[in-house]
**Q** 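This is the structure, below, for whatever I ask next.
Heavy-atom basis, side chains included; hydrogens, waters and symmetry copies ignored. Quick note on labels: first sequence line is chain A, next is B, and so on, each numbered from 1.
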Amino acid sequence: MDEELVELIRSVITRIPEGRVATYGDIADIARAPSPRMVGKVLQEDGHDLPWQRVLRANGTCAPHIAHEQLDRLRAEGVLAVDGKVDLRKYRWEEAVTEPADEPQLGLFE
DNA sequence: TGCCTGACGGGTA
DNA sequence: ATACCCGCCAGGC
């Protein structure tokens, strides 16, 4: 897999703030990865030194094989789960917008 | 060369 | 909620 992309994906994950989470799809979009699977692939191969606990599936659940430890770690930084599910509406990370839009964001609600 | 396998996601029934 | 289905794409064999 392209090393350039791997580093990009890793850097995005590093930017997720403590106490917030992001989905595999979010990471893929930001990193312009061709598929969310690439994100999982990166974590599987070399994710030990990343805040991997902040990466969840699109429905707020964890990948089954690491669910227990992941939820423990998240709980330790203030992210609570109900029935093994994290409420994304509450904890999902949105990248900070550096440049204010010069037009009202009305279009986002159409 | 194919075929199978995933730390995935969206849609439908 | 569960169960399929299909798209996705790098790797392993």
**Q** Can a donor-acceptor pair be found, under 3.5 Å and without considering hydrogens, that links the side chain of A:R10 to the backbone of A:D46?
**A** yes
**Q** Are the side chain of A:R75 and the backbone of A:L80 linked by a donor-acceptor contact shorter than 3.5 Å?
**A** no
**Q** Suppose you measure atom P in B:dA7 against the same atom in C:dC13; what distance do you get, rounded to whole Å?
**A** 16 Å
**Q** Expressed as a whole number of angstroms, how long is the span from A:L43:CG to B:dG6:C1'?
**A** 13 Å
**Q** Check the pair A:D87 / A:R89 against salt bridge (Lys or Arg N to Asp or Glu O under 4.0 Å), numbers first and verdict last.
**A** CA-CA 6 Å; A:D87 187 343; A:R89 294 175 304 178; 3.4 Å; yes
**Q** In residues 72-95 of chain A, which residues come under 4.0 Å of DNA chain C by heavy atom?
**A** none
**Q** Taking CD from A:Q44 and P from B:dA7, how many angstroms apart are they, rounded to a whole number?
**A** 5 Å
**Q** Do we see a donor-acceptor contact under 3.5 Å between the side chains of A:Q53 and A:E69?
**A** no
**Q** One character per nucleotide, please: for nucleotides 4-9 of chain C, 5' to 3', B when the base has a protein heavy atom closer than 4.0 Å, S when only the sugar-phosphate does, - otherwise.
**A** ---BBS
**Q** Take atom CD1 of A:I9 and atom P of C:dA10, then tell me their distance rounded to the nearest Å.
**A** 11 Å
**Q** Salt bridge or not between A:E95 and A:R15? Use side-chain N to carboxylate O under 4.0 Å.
**A** yes
**Q** Only one of A:T23, A:N59, A:V79, A:T61 passes side chain to side chain contact (heavy atoms under 4.5 Å, CB included) with A:V86; say which it is.
**A** A:V79
**Q** Atom NE2 of A:H68 and atom C1' of B:dA7: how far apart are they, to the nearest Å?
**A** 18 Å
**Q** Using 4.0 Å as the upper bound for N to carboxylate O, is an ion pair formed by A:D26 and A:R92?
**A** yes
**Q** Give a yes or no on whether a salt bridge exists between A:E77 and A:R20, defined as a side-chain N under 4.0 angstrom from a carboxylate O.
**A** no
**Q** Got A:L8 and A:I30 here, is their nearest side-chain heavy-atom distance under 4.5 Å?
**A** no
**Q** Please state how far atom NE2 in A:H65 lies from atom P in B:dG6, giving the value in whole angstrom units.
**A** 11 Å
**Q** Can you tell me how far C1' of B:dG9 sits from CG of A:L56, to the nearest Å?
**A** 14 Å
**Q** I need the CG-P distance between A:D29 and B:dG10, as an integer number of Å.
**A** 9 Å
**Q** Return the value, rounded to whole Å, for the distance between atom CZ of A:R57 and atom P of B:dG9.
**A** 8 Å
